[in-house]
There are 2 protein chains.
Amino acid sequence: MTEPIKLLLADDQALVRGALAALLSLEPDLTVVAEVGRGDEVVPAARRTRPDVALLDVEMPGLDGIAATTALRAAVPGCRVLVVTTFGRPGYLRRAMEAGANGFVVKDTPARQLADAVRRVHAGLRVVDPTLAAETLATGPSPLTERETEVLRTARGGGTVAELAATLHLSEGTVRNHLSAAIGKTGARNRADAVRVAEENGWLLGE
Amino acid sequence: MTEPIKLLLADDQALVRGALAALLSLEPDLTVVAEVGRGDEVVPAARRTRPDVALLDVEMPGLDGIAATTALRAAVPGCRVLVVTTFGRPGYLRRAMEAGANGFVVKDTPARQLADAVRRVHAGLRVVDPTLAAETLATGPSPLTERETEVLRTARGGGTVAELAATLHLSEGTVRNHLSAAIGKTGARNRADAVRVAEENGWLLGE
DNA sequence: CCACCGCCCTGACAAATGTCACGGGTGGAA
DNA sequence: TTCCACCCGTGACATTTGTCAGGGCGGTGG
């Protein structure tokens, strides 16, 4: 028998993290060598423990899973990345793959498939939920321009145009223009609706 | 040695559900007798398998964890309920306790404490995160009236006042009044802001 | 009984929002 | 170079939104 596959787990919910560790430790060919709860702890832990595969959640404090993927691929090239996330948002998959992830698994896939996904990723294969992949192809990339995304992201907090303009150092008219464009592109009726749509599609990632 | 404690797990994310099962099955005095992914499957499964303790997530399709708690306490009185949730929202804890839950655990508690929480609940004790309990007492119950809550809940979708009025069978003026009252009570600036605040406090639960 | 409270509605008003047309600036692609 | 897309800004406009002051209705409790 060969060496077991060494795993790093990153998830902000300690209970889920521990449970995943228990689940994966049941497999004789897998061993968990590190667990972290923040995105910015991924690279330091990986440098220390040299895992073969890292399982990263997208929603994490410090650094989101996508950014952590980028950092990890740069710092420890030999370590493969399997992104495990709650939300099957098309934009997440796209961004994860662009960041260099080797696999993408949603948290409502059956538990028994997770170990297989890990093994496939370790073997150099790509693992992607086919349904989500189709959806991603269908929705296409974000139609929003960079500023529109930024404005929409800031508008999540629910402030007035004046406040948005102040925090973004823009004029009110410009903010309104960007919002109007975003509303049009998302097919929404409202600013709030536009924020919702963009968020559901994973177009508001980063920062 | 006595009989092991029989558990029912309810969580919409199959991966988390399976992982929790793996984690709890490591304990010799615990055994998982049922796993379900929807709130409305809790009672039927409990009738079949007669668990001693049910671990219920709050966010579930079909029936949320609070409503499932109420139904389960009525249908299978001998079964204790431990609510396990992602979000430590004050309103959730309050509602869960009112519904008859015996314990309330947030998903970022350490994994090793979960089995103890289960044992305490089974022994008839109450298990509550002290920090969250304090916060709940501080925030108090929802200041929103029933209609205000309903209007705010409908406003989550992000439609215009006219649409809200149509789906709620109310006049536009009334909808505006309820929204205005809700905005005042939540200390928000906006309709969107009010929705956000109310949601974060767990005041929008049910349906 | 009457006061009170929540609910529903009206109408009107100021403020915020969404839309449009326009111009100037920049940088990349044809 | 010339185009084109994006960015930033202006100003004006119709619509929507939030607020306020009222009034009517049905319960509950002193």
Side-chain angles (χ1 to χ4, degrees), chain A residues 91 94-95 98 140-201 203-207, chain B residues 91 95 98 140-199 201 203-207:
Chain A
R94 178 180 301 272
R95 299 281 300 274
E98 287 170 0
S142 171
L144 301 174
T145 164
E146 194 179 338
R147 281 302 179 294
E148 287 161 0
T149 307
E150 195 178 352
V151 172
L152 218 51
R153 202 148 46 201
T154 312
R156 265 187 304 193
T160 69
V161 173
E163 291 171 333
L164 299 186
T167 65
L168 291 170
H169 305 289
L170 292 178
S171 112
E172 296 195 15
T174 305
V175 170
R176 270 211 281 274
N177 276 345
H178 285 310
L179 284 174
S180 185
I183 290 170
K185 288 180 180 177
T186 53
R189 323 176 166 334
N190 264 349
R191 171 191 318 190
D193 202 10
V195 169
R196 206 175 46 76
V197 171
E199 205 153 41
E200 281 174 3
N201 287 1
W203 292 339
L204 259 39
L205 220 60
E207 180 56 18
Chain B
R95 298 281 301 273
E98 287 169 359
S142 170
L144 301 175
T145 164
E146 194 181 336
R147 282 300 181 291
E148 287 162 1
T149 307
E150 194 179 352
V151 171
L152 217 52
R153 201 145 49 199
T154 313
R156 266 186 303 193
T160 68
V161 174
E163 292 170 333
L164 299 186
T167 65
L168 291 170
H169 306 289
L170 292 179
S171 114
E172 297 195 14
T174 305
V175 171
R176 269 209 283 272
N177 275 346
H178 285 311
L179 285 174
S180 185
I183 291 170
K185 289 180 180 176
T186 52
R189 320 176 171 337
N190 263 348
R191 173 188 321 190
D193 202 9
V195 169
R196 206 173 46 75
V197 171
E199 206 154 39
N201 287 355
W203 292 338
L204 261 39
L205 219 60
E207 181 57 18

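Letters A, B, ... are given to chains in the order of the sequence lines, protein chains preceding strands, and every chain is numbered from 1. Just so it is clear, the values below take in all heavy atoms, side chains as well, and ignore hydrogens, waters and symmetry mates. These numbers were taken from a predicted model, which means no experiment stands behind them.
- Counting only heavy atoms from C-beta outward, the side chains of B:Val175 and B:Thr154 never approach each other to under 4.5 Å.
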Candidate pair B:Arg191 and B:Val161, rule side chain to side chain contact (heavy atoms under 4.5 Å, CB included), full reasoning: CA-CA 11 Å; B:Arg191 173 188 321 190; B:Val161 174; 3.2 Å; yes

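- The distance from atom CD of B:Glu199 to atom CZ of B:Arg156, rounded to the nearest 0.5 Å, is 5.0 Å.
- Here the C1' atom of nucleotide C:dG6 and the CG atom of B:Leu144 are 14 Å apart, to the nearest Å.
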Enumerate the protein-to-nucleotides 7-16 of chain D contacts in which both atoms are nitrogen or oxygen and the separation is below 3.5 Å.
from: D:dC7; atom 1: OP1; to: A:Thr145; atom 2: OG1; distance (Å): 2.0
from: D:dC7; atom 1: OP1; to: A:Glu146; atom 2: N; distance (Å): 3.2
from: D:dC7; atom 1: OP1; to: A:Arg147; atom 2: N; distance (Å): 3.3
from: D:dC7; atom 1: OP2; to: A:Thr145; atom 2: OG1; distance (Å): 2.3
from: D:dC8; atom 1: OP1; to: A:Arg147; atom 2: NE; distance (Å): 2.8
from: D:dC8; atom 1: OP1; to: A:Arg147; atom 2: NH2; distance (Å): 3.3
from: D:dC8; atom 1: OP2; to: A:Arg147; atom 2: NE; distance (Å): 3.3
from: D:dC8; atom 1: OP2; to: A:His178; atom 2: NE2; distance (Å): 3.2
from: D:dG9; atom 1: OP2; to: A:Ser171; atom 2: N; distance (Å): 3.1
from: D:dG9; atom 1: OP2; to: A:Thr174; atom 2: OG1; distance (Å): 3.3
from: D:dG9; atom 1: O6; to: A:Asn177; atom 2: ND2; distance (Å): 3.2
from: D:dT10; atom 1: OP2; to: A:Ser171; atom 2: OG; distance (Å): 3.2
from: D:dT10; atom 1: O4; to: A:Asn177; atom 2: ND2; distance (Å): 3.2

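- Distance, B:Leu152 CG to C:dC7 P: 14 Å, rounded to whole Å.
- Formation of a donor-acceptor pair under 3.5 Å by the B:Arg196 side chain with backbone atoms of A:Gly157 is found in this model.
- Rounded to an integer number of Å, the gap from CG of B:Leu164 to P of D:dG18 is 10 Å.
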Criterion side chain to side chain contact (heavy atoms under 4.5 Å, CB included) on A:Lys185 and A:Thr145, from CA distance to verdict: CA-CA 10 Å; A:Lys185 288 180 180 177; A:Thr145 164; 4.2 Å; yes

